[in-house]
There are 4 protein chains.
Amino acid sequence: MKRPATSPATETTAAPTEGSKAGVRDHAKQEKFQRILDAAVQVIAENGYFNSPVSAIAERAGVADGTIYLYFKSKDHVLRSALDVAFERFHARVKAMLAETGDPRAQLENMARMQLETVAANRPLAILMQTEVRQSAKFYAEFSQHHMVAYMAMMRGVIRAGQEKGVFRAEISDALAAHCIFGALDELVGSWVFSGREFDPQSAAASVLGILLQGMNRKDGE
Amino acid sequence: MKRPATSPATETTAAPTEGSKAGVRDHAKQEKFQRILDAAVQVIAENGYFNSPVSAIAERAGVADGTIYLYFKSKDHVLRSALDVAFERFHARVKAMLAETGDPRAQLENMARMQLETVAANRPLAILMQTEVRQSAKFYAEFSQHHMVAYMAMMRGVIRAGQEKGVFRAEISDALAAHCIFGALDELVGSWVFSGREFDPQSAAASVLGILLQGMNRKDGE
Amino acid sequence: MKRPATSPATETTAAPTEGSKAGVRDHAKQEKFQRILDAAVQVIAENGYFNSPVSAIAERAGVADGTIYLYFKSKDHVLRSALDVAFERFHARVKAMLAETGDPRAQLENMARMQLETVAANRPLAILMQTEVRQSAKFYAEFSQHHMVAYMAMMRGVIRAGQEKGVFRAEISDALAAHCIFGALDELVGSWVFSGREFDPQSAAASVLGILLQGMNRKDGE
Amino acid sequence: MKRPATSPATETTAAPTEGSKAGVRDHAKQEKFQRILDAAVQVIAENGYFNSPVSAIAERAGVADGTIYLYFKSKDHVLRSALDVAFERFHARVKAMLAETGDPRAQLENMARMQLETVAANRPLAILMQTEVRQSAKFYAEFSQHHMVAYMAMMRGVIRAGQEKGVFRAEISDALAAHCIFGALDELVGSWVFSGREFDPQSAAASVLGILLQGMNRKDGE
DNA sequence: CATGAATGAGCGTTCATTCAT
DNA sequence: GATGAATGAACGCTCATTCAT
């Protein structure tokens, strides 16, 4: 089947109806839900969305093909859910970090480090983020609306706070700066993910922010 | 058919054999070759590679399905060719610009401007560059080997030259800086391409480089 | 997919995995397996392998096109299986007969009769044996290796036994004689199959062996 | 295209219209006609009819694809012509031999030898005779009507003459005996053609006829 | 006559999805 | 709930044949 022209609004991918009969049942359901998601991430990272039959995902998850459709409306929604879930977790962790960090520069560096760490911790998921999110303009636009905008807003808030505190130059557009930071890191992730090279999130984040905060220009007197 | 495991090395996508019979024939062939490429770029930009049947590309190009296969070995090669041709043109233009520009800062800004201009000039192609290049890890790795490495090398050369002339800080890694610049611009392109917003390449390039060269930090005494 | 250059060795065409869940399921599977085989034999006998779309076989079998591929790896394997199954049954029956027949002359005549009977009992299958086995040199060579060699070996064994018992001339090559008998019968089958004429296997077998055993020459004193 | 349901009556495959302008032209035409036929025999023997694109035949013959259709109505007719021409030549040579040979036994042995020689002289053609003639029941039936019947009639005539002269047993059916002889030889040819083994037509013919004339039975007193 | 680019019907095969068990 | 056999639409690609040059 082709991706339907009208995409069904994402529905924030709630895990299957919870809160009914027994907690045991719920737990079993949740567990299978997650197993399918993990299998999908692995299989799709290896072969790409369109070269990953639902049957391959089912097999990796250890369930029957039909079972997938008890948990997800379509193959498409499996991918959406995987990305949604992953992003929401990341988002929550960043939000928590921001709440307990004061200095804008430290906040930015932590965000950078967490972005790279997330990728380093789950390579298949990183591959999905680099490839399948962009599998089509429509999908990407949708994903961006849901998640990227929210993430960028957080980053822009940090930058604006820094500007108000006088640590960042006030004449810089917060939106532009956020794009620059995210883009630089994302590019790094891409080159890492596809080459397979190792790298240290901590120091890589520091290096990138070193460039972006201090600039490439040699200062007079250096 | 699935994407073949061993892809036949790209072959630099020469347009069909030229230089024989009549110039007329050659011209007609070249024209049809290009028409198919353009159609492919449009259709794939709209629907994504896997949701774009060859028949749709053929229809858009105004040729029969089978005709595609007189010019390209496979659907896969149509996409490769489109990307190869586009990149090679871009690469050549950048190279020419570098040859007639002396100042490293001006060189970087021109590169940035040209990257954004290219995208502004051909939105469907920009979409392809943002999406289909990454359609699979394999494809991306291959494309990167062919083109990105070459482009990045050019940029790193400019940065090193600037470091030697003393305009850029010497302690910065040229590779990392190149990734940051490219990534920042690419991210900008992405957000533009998928939102449909307008923007001015010239000033956008200047703004981005403003951040990357001078840094976000407020200088003492400002 | 194209016919793979290396065909995967026939695998003796086991019917789908049996012996698990319920005997009911197994039986249903076996029944469909056989139905597809029968449909294939009929359709291919009528039109030839290459003029028999899989869809035509599926239709005749009363299943969907895709269902064929749940039972067979490829169109190619449907044909192989049909021939393999048919030959193995024939082979087994001949073997059983040989075990309970003593006289070499009677053994030969029974083999001849059974060859003709088999054909008379299933005309479409006979057509396949006369045509599609030879559809390509490769296929034929493969089939011969698997089945013809085994059958010829049985016949040569009978002939050698007859020679040792002194009923057949010792100076005759058993291999050559076997070829002569089989060829004479096969030619008869061919002329029958394609003309549609009726004939009686019993008496035809007797007549052919009458010629081959006693020779065409008039004996002195006759 | 599929083989048309109504086969166009064969038309005895006359070479293109001759007897007009100049003998030179005619000769050139004949030569190209033959070149295409030879190419077809080679290519089809190697790959089978349905795996032999017209373009492959054209290439082997050194002509353009379209040129084939100036000499033959369809791909189908190229094959028919090749077989017709080959058979007619063989038929003529046998006929000439029969005219200058008196003894029925010698006639039969010469026919056998010539059948094997023909095959030994042109292996690709032999492969065609063993395989493509049988590509479908329809084709085979048609070919048989045209050629086999004629050839069998000659052989039956020889056998009947032998019976009248008292050298062959009178109670044998001439038709059956002819089938036996032809079938035995044809089987031999088949086993040779597909195995690639060498063999000597002269002695093989003698051996086969040795069996068929004298019989396999040991005579009393031997 | 000869060419070979163009056509488009047709094929083998895959796989998302359904539904009887 | 879970299964997995069955479906059939859809696809990439081939190639016999035509026809403008």
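The chains referred to below are lettered A, B, ... by the order of the sequence lines, with proteins before strands, and numbering in each begins at 1. Keep in mind that the numbers below use all heavy atoms, side chains included, and drop hydrogens, waters and symmetry copies. Predicted model, so just to flag it, every value in this text is computed and none were measured.
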Give the rounded distance in Å between these two atoms: [atom1] of [X] and [atom2] of [N].
X	N	atom1	atom2	result
A:N47	E:dT14	CG	P	15 Å
D:R80	F:dA16	CZ	P	15 Å
C:F50	E:dA9	CZ	C1'	18 Å
D:N51	F:dC15	CG	P	8 Å
B:F33	E:dA6	CZ	P	13 Å
D:I57	E:dG4	CD1	P	17 Å
A:F72	F:dA2	CZ	C1'	15 Å
C:L79	E:dG12	CG	C1'	15 Å

Considering only [options], which nucleotide approaches the side chain of [X] most closely?
X	options	result
D:S74	E:dC1, F:dG1, F:dT17	F:dT17
C:V54	F:dT17, E:dA16, E:dT13	E:dT13
C:A64	F:dT3, F:dG8, F:dA16	F:dG8
C:Y69	F:dC13, E:dG12, E:dT17	E:dG12
A:P53	E:dA16, F:dG8, E:dT7	E:dA16
D:K75	F:dT17, E:dA16, E:dT13	F:dT17
A:D65	E:dC15, E:dA2, F:dG4	F:dG4

**Message:** Nearest 0.5 angstrom please: B:T67 OG1 to B:K32 NZ, how far?
**Reply:**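 NZ of B:K32 is found 6.0 Å from OG1 of B:T67.
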**Message:** To the closest 0.5 Å, what do you measure between CG (A:L128) and CG (A:L79)?
**Reply:**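 The distance works out to 5.5 Å.
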Any [X] side-chain nitrogen or oxygen under 4.0 Å from OP1 or OP2 of [N]:
X	N	answer
C:K32	F:dA6	yes
C:Y71	F:dA6	yes
C:T67	F:dA6	no

**Prompt:** So what's E:dT21 paired with, Watson-Crick or G-U wobble, going by both distances under 3.5 Å?
**Reply:**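 Here E:dT21 is engaged in a pair, and the nucleotide opposite it is F:dA2.
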**Item:** Side-chain donor/acceptor of D:Y49 to backbone N/O of D:T131, under 3.5 Å
**Value:**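 Side chain of D:Y49 to backbone of D:T131: no pair is present.
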**Prompt:** Are D:E142 and D:K138 close enough for a salt bridge, meaning some N to O gap below 4.0 Å?
**Reply:**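 Salt bridge absent between D:E142 and D:K138.
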**Asked** For DNA chain F, whose closest nucleotide is more 5', that of D:G66 or that of A:G66?
**Response**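 Per heavy-atom nearest nucleotide, the more 5' residue is A:G66.
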**Message:** Which label fits C:Y71 and C:F33: parallel for a plane angle under 30°, tilted from 30 to 60°, or perpendicular past 60°?
**Reply:**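 Judged by the thresholds at 30° and 60°, the geometry between C:Y71 and C:F33 is tilted.
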**Item:** Residue closer to the 5' end of DNA chain E, B:V63 versus D:V63 (nearest nucleotide)
**Value:**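 So the residue in question is D:V63.
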**Item:** Ring-face cation of A:R80 near A:F139 (centre distance under 6.0 Å, axis angle within 45°)
**Value:**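 Yes, a cation-pi geometry holds between A:R80 and A:F139.
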